Amino acid sequence: MKNIILFGPPGAGKGTQAKIISSEYNISHLSTGDILRSKIQEADELGLKVKDIINSGNLVSDDILNSIVAEKILNKNSNGFLLDGYPRTLEQSFFLTKLLEKNSININYIFCINISFEIIKKRIIKRSKEEGRKDDNLDVIEKRYLLYLDTTQKVCDYFRDLKKDIYFEFNGDDEVSNITSKIKKIMET
Ligand code: AMP
């Protein structure tokens, strides 16, 4: 069983690593960004609300995210899960910690990819052309990056202090394949 939390600001390569690692180890890839984007497709009241929030670069409410993740984690694939994009706030972290404790689920690895804003800008401009995401433009990306530093960085610090022995950081400027190798090496030793 491998349960993983992956952190990183927008454009750090978090989604790319999450896809590679979850497929390599046959674990569920729980991307809250992807789950919310598919919610938007339903175009109901909640979907429209979520669309506005995501496109403006803000965070969707903790209550919505906590209930989405609780349902997914409790129905997970038996090999484990990789959380990509959650928890993003301390509130979500406390909820997750309690949920895991209550259901006797352990986190095995916490990975955090760090990267400078200069590199992110270049990557996001490229990604916006390839994927056409409305939240991939410079104003919104700067807001999302600052929000990450202000909010999610505190979450990384919380887990780093709480779970020192399973917490690992990577430099997001590094090649994708190098970061993957480093992650796999940690998971296989
Ligand atoms: P991502 O694909 O992870 O970059 O997420 C895209 C957007 O979805 C974010 O900018 C937020 O608006 C929203 N989102 C994803 N995960 C969360 C979360 N855990 N808490 C709040 N909002 C989220």
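Computed from a prediction, not measured in an experiment: that's the story for all the values here.
- Residues forming a ring-ring contact (aromatic ring centres under 6.0 Å, His included) with Tyr145 (at least two apart in sequence, or on another chain): Phe117.
- Criterion: ILVMFWY side-chain heavy atoms under 4.5 Å apart, direct or through other members. Under it, Leu59 and Leu146 are not part of a common hydrophobic cluster.
- Here the CD1-CG distance, from Ile73 to Asn66, works out to 10.0 Å after rounding to the nearest 0.5 Å.
- The backbone N or O of Asp34 sits less than 3.5 Å from a side-chain atom of Ser31, completing a donor-acceptor pair.
- Counting heavy atoms from C-beta on, the side chains of Ile5 and Tyr86 never come closer than 4.5 Å.
- A 6.0 Å sphere centred on CD of Glu131 holds more than 12 heavy atoms belonging to other residues, nucleotides or ligands.
- Tyr148 and Val60 fall within the same hydrophobic cluster, where Ile, Leu, Val, Met, Phe, Trp and Tyr residues are linked whenever their side-chain heavy atoms come under 4.5 Å apart, directly or through other members.
- With sequence neighbours left out, the side chain to side chain donor-acceptor pair (under 3.5 Å) criterion links Tyr167 to Glu169.
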Assess the residue pair Thr16 and Ile20 against the criterion (side chain to side chain contact (heavy atoms under 4.5 Å, CB included)); give the C-alpha distance rounded to whole Å, side-chain angles, the decisive distance to 0.1 Å, and a yes or no.
CA-CA 6 Å; Thr16 305; Ile20 299 172; 4.2 Å; yes
Quick one: do Asp135 and Ile141 satisfy side chain to side chain contact (heavy atoms under 4.5 Å, CB included)? Show the steps, please.
CA-CA 7 Å; Asp135 58 345; Ile141 207 65; over 6 Å; no
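- Not a single donor-acceptor pair under 3.5 Å links the side chain of Asn106 to the backbone N or O of Asn108.
- To the nearest 0.5 Å, the span separating CZ on Arg123 from CD on Glu130 amounts to 12.0 Å.
- Put simply, the side chain of Asn3 gets close to the backbone of Phe81: a donor and an acceptor are under 3.5 Å apart.
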Pair Ile113, Phe7 - check side chain to side chain contact (heavy atoms under 4.5 Å, CB included), show working.
CA-CA 6 Å; Ile113 306 177; Phe7 291 110; over 6 Å; no
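- If you look at Phe111 and Tyr109, their ring centroids are closer than 6.0 Å.
- Using a 4.5 Å heavy-atom threshold, the side chains of Leu46 and Ile64 count as touching.
- The CG atom of Leu82 lies 11.0 Å from the OG atom of Ser23; values are rounded to the nearest 0.5 Å.
- With sequence neighbours left out, the salt bridge (charged side-chain N to carboxylate O under 4.0 Å, His left out) criterion links Lys182 to Asp174.
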Solution key, residues 92-104 side-chain donor-acceptor pairs under 3.5 Å, sequence neighbours excluded:
from, atom 1, to, atom 2, distance (Å)
Gln92, OE1, Arg88, N, 2.8
Gln92, NE2, Asp62, OD1, 2.9
Ser93, OG, Thr89, O, 2.9
Thr97, OG1, Ser93, O, 2.7
Thr97, OG1, Tyr158, OH, 3.4
Asn103, ND2, Leu99, O, 2.8

Report the C-alpha distance between Ile105 and Met1 in whole Å, list the side-chain angles of each, state the deciding distance to 0.1 Å, and finish with yes or no for side chain to side chain contact (heavy atoms under 4.5 Å, CB included).
CA-CA 10 Å; Ile105 299 170; Met1 169 80 76; over 6 Å; no
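- For the atom pair Lys14 NZ and Lys19 NZ, the distance stands at 10.0 Å (nearest 0.5 Å).
- Other cluster members for Leu48: none, since no ILVMFWY side-chain heavy atom sits under 4.5 Å from it.
- In terms of hydrophobic clustering, with Ile, Leu, Val, Met, Phe, Trp and Tyr side chains grouped at heavy-atom distances under 4.5 Å, Val140 and Ile124 are assigned to different clusters.
- Screening Lys39, Lys51, Lys49 against Asp44 for a salt bridge (charged side-chain N to carboxylate O under 4.0 Å, His left out) leaves a single residue, Lys39.
- Asn58 and Ser56 share a side-chain donor-acceptor pair at under 3.5 Å.
- Note that CG of Leu36 is 9.0 Å distant from CD1 of Ile53, once rounded to the nearest 0.5 Å.
- Follow the hydrophobic side-chain contacts under 4.5 Å out from Tyr25 and you reach Ile179 in the same cluster.
- In this view, Glu24 and Lys184 satisfy the side chain to side chain donor-acceptor pair (under 3.5 Å) rule, not counting sequence neighbours.
- Criterion: ILVMFWY side-chain heavy atoms under 4.5 Å apart, direct or through other members. Under it, Leu6 and Val176 are not part of a common hydrophobic cluster.
- Here OG of Ser22 is found 13.5 Å from NZ of Lys2. Values are rounded to the nearest 0.5 Å.
- Shown here is Glu188, whose CD atom has more than 12 heavy atoms of other residues, nucleotides or ligands within 6.0 Å.
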